[in-house]
Amino acid sequence: MSIQQAGSSRRNKWVALVDGTNFFVSCERAFSPRLHGRPVGVMSNNDGCIIARSDELKALGVPMGAPVHKIQHLIRRHRIALLSSNFTLYADMNRRLNDILSCFSDRVEPYSVDESFVELSGFFTDGLLEQGRQIEQAIAQQAHLPVGVGIAQTRTLAKLANSQAKLKRQGPKVSVLDADADSTCQLLEATPVEEVWGVGKRLAERLRRLGIDNAWQLREAPEAMLRKRFSVTLARIQMELKGQPCHDGSGKETAKKQLRVSRSFGRASDNQQEVLDALRHHVQRAAEKLREQKSLVKTFSIFLRTNPFRSDRPQHSDTLLYQFDQPTADTTEMLEAARKLLRRLWREGYHYHKAGVLLMELVDASPAQLSVLETSETQNQRLKRERLMQVMDRVNLSQGRGSVTLGVGMKEAGWKARQEKRSPAYTTSWQELPKVVAR
DNA sequence: TCTGGGGTCCTAGGACCC
DNA sequence: TCTGGGGTCCTAGGACCC
């Protein structure tokens with residue numbers, strides 16, 4: 001196993017991590033002035049727990065992931081505004097953010113729904129700070145979103161620089177971290193090891209037992225020991241802390257290797273038909289994603305699970321796999337597979353709480369993948385269905401997701417998540433455009 | 001009553017083969 | 001009495017991320 005090094009750490013090659021501050025909350029605020037200056041939270045699917053918090057909500061001591069039902073007393077006392085998540089809006093705002101970033105660099109790599117890496121070349125350190133400010137300003141002006149910008153030689157350091165930037169009380173939230181600067185030693189010493197990107201709770205515990213408590217100690221630890229006692233992953237993190245890039249941008253835009261669609265139900269169900277309805281929905285969505293990235297699936301699977309928090313009820317959780325004879329992107333074939341699998345997986349007397357679909361072993365949908373043994377008749381059928389899928393995808397893209405489905409409509413189904421406080425799809429639905437009223 | 005969803009990468013260990 | 005060793009492939013599960 002070798003450590004892959006992507007390029008050398010030449011002084012003029014830098015990477016910026018641009019990250020939306022309290023992103024989901026900021027997206028909501030961009031369209032709703034009443035949300036400014038008060039505690040705001042965005043809830044998970046099903047309005048179950050808190051997945052984004054404004055600074056005011058953080059100040060009240062509400063932790064990330066807090067179950068909503070456990071903070072009811074705070075909600076009333078402090079006039080907390082809670083919103084259901086509106087991922088259509090957040091994804092669209094993310095697209096805008098990346099459009100703006102692409103004016104600053106032709107190498108922008110979206111990393112998650114609220115952050116992107118941007119390669120910056122040919123700058124000296126002070127020029128970098130100014131560049132970061134311009135990025136921050138452009139996003140504030142054009143997308144009305146606050147961001148933090150962290151710049152360094154590697155992504156791991158840019159992550160740390162970004163957290164530094166966000167700590168700034170006033171002025172631009174931009175920070176540059178030079179791996180070779182003297183000040184970096186102090187900063188890394190003051191950084192607990194679990195705050196390093198890629199070091200979670202478990203690894204941190206093990207590192208602490210060896211006397212490695214902070215980022216500087218990790219950077220200076222013997223590399224051979226890290227590789228032997230831990231893994232190549234930790235050795236790469238160490239290289240990155242030294243300023244030698246090990247993650248590069250080559251992974252961008254590659255097709256996903258697995259796709260998953262799953263949801264908890266609005267209420268638990270012991271009705272097989274109802275669960276099948278939920279799975280049908282998930283299958284259709286998964287198949288769309290599959291066709292979007294131009295892949296075919298070989299191994300298909302579904303899973304079911306009861307609510308693990310209900311220790312008073314019997315628990316059942318299981319997954320079943322299905323192998324397609326030929327890789328496919330056809331929704332009808334996947335629906336059929338899901339139906340068969342569910343019949344085998346189903347157990348009477350359990351209240352199921354979540355169901356999902358997993359597409360594994362994805363292959364490229366090039367014509368070479370099709371069987372040479374296919375008869376002209378089956379080929380005709382396949383082409384007809386492919387055209388049907390194309391039409392469905394186009395309609396759903398232009399008219400909104402779920403406009404056309406195979407089988408029963410999904411409108412009032414019992415498994416549907418609760419989303420009682422969702423904001424409108426301001427930017428992606430003609431029906432929900434913000435209204436301006438002249439007085 | 002009420003506790004998210006969707007990913008990636010790596011490793012250990014079993015199965016199998018010669 | 002002694003009961004191989006080394007390779008590959010696959011899968012489950014751990015750990016981490018946002």
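Worth knowing before you read on, the calculation uses all heavy atoms, side chains too, and leaves out hydrogens, waters and symmetry mates. Below, chain A is the first sequence line, B the second, and so on; all start at residue 1.
Taking side-chain N and O atoms only, A/K354 has a distance below 4.0 Å to OP1 or OP2 of B/dG5. In this structure, A/K201 does not reach the C/dG14 phosphate: none of its side-chain N or O atoms is under 4.0 Å from OP1 or OP2. At B/dT3, none of the side-chain N or O atoms of A/R310 fall inside 4.0 Å of OP1 or OP2 (strictly under the cut-off). Between A/R263 and B/dG6 there is a side-chain polar atom (N or O) within less than 4.0 angstrom of OP1 or OP2. At B/dT3, one or more side-chain N or O atoms of A/H353 fall inside 4.0 Å of OP1 or OP2 (strictly under the cut-off). Using a 4.0 Å cut-off, some side-chain N or O of A/S262 falls inside it from OP1 or OP2 of B/dG6.
Distance, A/F230 CZ to B/dC9 C1': 17 Å, rounded to whole Å. Atom CD1 of A/I237 and atom P of B/dC9 are 14 Å apart (whole Å).
Checked against A/R285 for a side chain to side chain donor-acceptor pair (under 3.5 Å), the options A/E288, A/H281, A/H282 give a single hit: A/E288. Checking each of A/K257, A/Q293, A/Q258 against A/L362 for a side-chain contact (heavy atoms from CB on, under 4.5 Å) leaves exactly one that passes, namely A/Q293.
Closest contact between the side chain of A/K257 and the listed nucleotides B/dT3, B/dG4, B/dT8 involves B/dT8. Residue A/K289 places its side chain closer to B/dG7 than to any other of B/dC2, B/dG7, C/dA15. The listed nucleotides are B/dG7, C/dC18, B/dC10; the one nearest the side chain of A/V232 is B/dC10. For A/N45, the side-chain atoms get nearest to B/dG5 when compared with the rest of C/dC16, B/dG5, C/dC18. Considering only side-chain atoms of A/L259, the nucleotide from B/dG4, B/dG7, B/dT3 that sits closest is B/dG7.
Nucleic acid contact for A/V357: none, since no nucleic acid atom lies under 4.0 Å from a heavy atom of the residue. Backbone-only engagement by A/V261 is indicated by non-hydrogen atom pairs under 4.0 Å involving sugar-phosphate atoms exclusively.
Comparing the same atom, C1', in B/dC16 and in C/dG4 gives a spacing of 15 Å after rounding to whole Å.
Between the side chains of A/S105 and A/E119, no donor-acceptor pair is found at a separation under 3.5 Å. Side-chain contact annotation: A/D47 with A/S84, donor-acceptor N/O pair under 3.5 Å present. If you check the side chains of A/T233 and A/S231, you find a donor sitting under 3.5 Å from an acceptor.
Using N1 to N3 plus N6-O4 or O6-N4 for Watson-Crick, or N1-O2 and O6-N3 for G-U wobble, each under 3.5 Å, B/dA15 pairs with C/dT8.
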